[in-house]
Amino acid sequence: MSSKKVCSIYEGTALRQVTGPSIRPGGFRLTDRAIAFCNLAPGAKILDVGCGTGATVEYLIEKYHFNALGIDPSEVLLQNGRQRRPDLPLLQGVGECLPFSDGEMEGVFAECTLSLMDNLDRALGECQRVLKVGGYLMAADIYAKNPAATAELRTLPLASCLTGAMGQTELAAKLGAAGFQIILWQDHSELLKELMIQLIMTHGSMNQFWQQYGPVTGGGACVQSAIKKAKPGYYLLVAQKVDHLCD
């Protein structure tokens, strides 16, 4: 996850007062779906990349009894999580440089974080490296149903899951190049629509929501126009680390 402008949006209250500590559409609903699909056993070592306040780490420990830990670039969010629960295993760092050994993890979560990476190819390579052969990358994030409009998203003067969104085909190609095979892809765009409705009900409109980051976004109208063109959706995917020695 970028340690630059990204953190300011997620460290603020405008988004978190709607999403709660999970800071993403759907809360833990897709977390549960991914775990059920992968059938991971209690005690499995699971890393949450871009863990924020550690909400997913806490959830994985409490509900599933995993050996879960998290990493995030924002000391503000990490401190928030440690204040809530001091014993949470949370580290400061970025997805492009994971401080773990090769093959150490059985699963890696990336929930609304792949689209925030400064260098997605490097981050995917790191996720692949720390996973055991056959281990799972479980990701939920925003994608662009109109990939032709992603270039305009990149020009917006803010950094968020929306501005980092890419098309399904491009994402699949990057996962394949990093040594992953996609074994599950589901569209859950209804969760993104649900979040947007909640943001409008809380802040009056999406423009007013974006304008709370006035110096960052330069206003909400240009943001909303670019987002509409990209036709954002929300996905859940599970990708498995491929054993290249068996190819």
Side-chain angles (χ1 to χ4, degrees), residues 1 22 24-41 44-51 56 60 64 66 68 70-71 95-96 98 100 102-150 153 161-193 230-247:
M1 191 194 309
S22 66
R24 61 177 178 273
F28 298 109
R29 280 177 273 179
L30 299 189
T31 309
D32 289 329
R33 278 181 174 264
I35 292 169
F37 180 82
C38 297
N39 195 29
L40 293 162
K45 192 166 187 179
I46 310 294
L47 173 65
D48 184 18
V49 177
C51 65
T56 293
L60 296 176
Y64 293 101
F66 291 145
I71 188 168
E96 293 88 348
L98 298 176
F100 306 105
D102 295 359
E104 187 174 343
M105 305 294 170
E106 294 174 62
V108 172
F109 271 98
E111 297 173 309
C112 277
T113 57
L114 293 183
S115 58
L116 300 178
M117 297 294 171
D118 282 337
N119 187 322
L120 179 57
D121 295 326
R122 184 178 300 171
L124 289 174
E126 280 291 274
C127 290
Q128 199 267 3
R129 179 185 63 79
V130 302
L131 278 168
K132 297 179 179 179
V133 173
Y136 300 103
L137 172 64
M138 296 161 279
D141 214 328
I142 293 175
Y143 74 107
K145 295 182 180 180
N146 177 22
T150 56
L153 289 178
C161 291
L162 284 163
T163 53
M166 64 181 62
Q168 180 180 355
T169 300
E170 182 182 3
L171 177 59
K174 287 182 176 293
L175 285 161
F180 286 105
Q181 179 181 7
I182 297 175
I183 57 176
L184 176 73
W185 173 283
Q186 294 179 344
D187 182 276
H188 289 279
S189 298
E190 74 281 356
L191 297 180
L192 182 59
K193 293 177 182 177
K231 299 180 180 178
Y234 195 69
Y235 68 81
L236 168 68
L237 75 79
V238 176
Q240 196 165 27
K241 178 174 177 175
V242 176
D243 184 357
H244 289 291
L245 296 178
C246 297
D247 290 346

Can you give the donor-acceptor pairs under 3.5 Å from side chains of residues 167-181 to other protein atoms, not counting sequence neighbours?
unit_1, atom_1, unit_2, atom_2, d
Lys174, NZ, Asp121, OD1, 3.0
Lys174, NZ, Asp121, OD2, 3.3

message: Does any part of the side chain of Tyr234, heavy atoms only, come nearer than 4.5 Å to the side chain of Cys161, both counted from C-beta?
response: no

message: Let's go through Phe109 and Thr31 carefully: what are the C-alpha distance in whole Å and the side-chain angles of both, what is the deciding distance for side chain to side chain contact (heavy atoms under 4.5 Å, CB included) to 0.1 Å, and is it a yes or a no?
response: CA-CA 8 Å; Phe109 271 98; Thr31 309; 3.8 Å; yes

Heavy-atom side-chain proximity of Met166 to Tyr143 below 4.5 angstrom: no

field: Heavy-atom pair with the smallest gap, counting every atom of Ala34 and Leu236
entry: CB-CD1, 4.1 Å

message: A side-chain contact here means heavy atoms from C-beta on lying under 4.5 Å apart; do Met105 and Cys127 qualify?
response: no

query: Any side-chain heavy atom of Leu40 sitting closer than 4.5 Å to one from Met138?
result: yes

query: What is the ring orientation for Trp185 with Tyr235, classed by angle as parallel under 30°, tilted 30 to 60°, or perpendicular over 60°?
result: parallel

query: Do Thr56 and Arg24 meet the criterion of a side-chain donor-acceptor pair at a distance under 3.5 Å?
result: yes

- prompt: Hey, are the side chains of Val49 and Met117 touching, using non-hydrogen atoms and a 4.5 Å cut-off?
  reply: yes

Flag for Asp32-Tyr64: side-chain donor and acceptor within less than 3.5 Å: yes

CG on Asp48 to CZ on Phe66, rounded to 0.5 Å: 12.5 Å

message: In the structure I gave you, are the side-chain heavy atoms of Asp141 and Leu237 within less than 4.5 Å of one another anywhere?
response: no

query: Which pairs, with at least one residue in residues 127-138 and sequence neighbours excluded, count as a salt bridge (Lys or Arg N to Asp or Glu O under 4.0 Å)?
result: Asp102-Arg129, Glu106-Lys132, Glu126-Arg129

- prompt: Atom CG of Leu192 and atom CD1 of Ile142: how far apart are they, to the nearest 0.5 Å?
  reply: 5.0 Å

Test item: Val108 and Ile46 side chains (from C-beta on) under 4.5 Å apart, heavy atoms: no

